Amino acid sequence: MNLGAFMNPEYPIFSTTLCYLERDDAYLMLHRVKKEDDYNHDKWVGVGGKFERFESPEDCLLREVKEETGLTLTHWRSRGLLTFIWGNMTEFIHLYTADAWTGEMIQGDACREGVLEWVPKEKVEQLPIWEGDKIFFKLLNEEHPWFSLKLVYEGDVLRQAVLDGERIVD
């Protein structure tokens, strides 16, 4: 089988998960400060990461949340699919929220990705986050049904956003 353009290293395409754990009207956020070669460096994001071989979105979600937080999710919801285009890279991000888990959360330097912190939902937009994240946080907070959101960036600048096939940012 010839996979052709699907495997073109010049235009990488990969899939990830992104999860926001919710508790007491706050999200568990990860301040990405530990890896220098990280396009999320210094930004606040949810927890998650790249799919490993043969994983489903749920397999990846559960593994990544456990690795990054020490927690085992027991209740989560798929909220949408984000298409994140940055330079020549396309990332398909399976977006989740979770409201139940077991275990003890990793503390301090134990998280290899950055610093974990519970952030009140009304303060999230005050943090250094991707501009497009403000769009999906609004959708999450409005309990919007499952959505597809395409976000196109030049550097840190959001150039285009398309929600369920309709341009909302040009």
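Keep in mind that what you see is a predicted model, and the values were worked out from it rather than measured. The residues of the chain are indexed from 1 along the displayed sequence.
Contact annotation: the side chain of F54 never approaches that of D59 to less than 4.5 Å [non-hydrogen atoms, C-beta and beyond]. No side-chain heavy atom of I106 sits less than 4.5 Å from a side-chain heavy atom of E68. F84 is listed as a side-chain neighbour of Y153, based on a closest heavy-atom distance under 4.5 Å. Side-chain contact between L116 and V47: present, with at least one pair of heavy atoms (C-beta onward) separated by less than 4.5 Å. Put simply, the side chain of P57 reaches to within 4.5 Å of the side chain of F51, judged on heavy atoms. Using a 4.5 Å heavy-atom threshold, the side chains of W118 and L21 count as touching.
Under a 3.5 Å cut-off, the side chain of Y96 and the backbone N or O of G48 do not form any donor-acceptor pair. Side chain of E131 to main chain of V157: no donor-acceptor pair is present (N/O by atom type, distance under 3.5 Å, no hydrogens or angles). Put simply, the side chain of N88 gets close to the backbone of E10: a donor and an acceptor are under 3.5 Å apart.
A continuous path of ILVMFWY side-chain contacts below 4.5 Å connects L158 to L95, so both sit in one hydrophobic cluster. Linking ILVMFWY side-chain heavy atoms closer than 4.5 Å, directly or via other members, places V152 and F14 in two distinct hydrophobic clusters. Under the 4.5 Å side-chain heavy-atom criterion for Ile, Leu, Val, Met, Phe, Trp and Tyr, L139 and V169 are members of the same hydrophobic cluster.
Smallest separation of non-hydrogen atoms from L61 and C19: CD1-CB, 3.5 Å. Contact detail for A98 and L73: the closest heavy-atom pair is CB-CD2, 3.6 Å. The minimum heavy-atom distance linking E22 with W101 is given by the pair O-CH2, 3.4 Å. Here the closest heavy-atom approach between residue T69 and residue V65 is recorded as OG1-O, 2.6 Å.
For NZ of K134, the number of neighbouring non-hydrogen atoms (other residues, nucleotides, ligands) closer than 6.0 Å is greater than 12. Within a 6.0 Å sphere centred on CD of E122, heavy atoms belonging to other residues, nucleotides or ligands number more than 12.
How far CD of E64 is from OG1 of T16: 9.0 Å, rounded to the nearest 0.5 Å. One finds the NE2 atom of H94 at 8.5 Å from the OG atom of S78 (value rounded to the nearest 0.5 Å). With rounding to the nearest 0.5 angstrom, the CZ atom of F136 is 11.0 Å from the CZ atom of R79. Expressed to the nearest 0.5 Å, how far SG of C60 lies from CG of L18 amounts to 10.5 Å. To the nearest 0.5 Å, atom CZ of residue R159 and atom CG of residue D170 are 12.0 Å apart. In this structure, I168 CD1 and L149 CG are separated by 5.5 Å, a value rounded to the nearest 0.5 Å.
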#### Entry: Verdict with reasoning, Y20 to V124, per side chain to side chain contact (heavy atoms under 4.5 Å, CB included)
CA-CA 12 Å; Y20 289 92; V124 168; over 6 Å; no
### Message
Could you walk me through whether T83 and F92 satisfy the side chain to side chain contact (heavy atoms under 4.5 Å, CB included) test, starting with their C-alpha distance in whole Å, then the side-chain angles of each, then the deciding distance to 0.1 Å, before giving a yes or no?
### Response
CA-CA 5 Å; T83 303; F92 295 110; 3.7 Å; yes
### Working for side chain to side chain contact (heavy atoms under 4.5 Å, CB included), residues W146 and R77
CA-CA 10 Å; W146 196 94; R77 287 193 311 163; over 6 Å; no
### Query
What's the verdict on side chain to side chain contact (heavy atoms under 4.5 Å, CB included) for K43 and W130, showing C-alpha distance, side-chain angles and the deciding distance?
CA-CA 7 Å; K43 294 213 178 349; W130 291 98; 3.4 Å; yes
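Ionic pairing of E125 and K138 is not present here: no N-O contact between side-chain nitrogen and carboxylate oxygen is shorter than 4.0 angstrom.
Here the rule is side chain to side chain contact (heavy atoms under 4.5 Å, CB included) with I135, and of L140, L82, L151, L163 only L151 fits it.
In this pair, H144 and F147 present their aromatic rings perpendicular. The plane angle is above 60°, beyond the 30 to 60° band.
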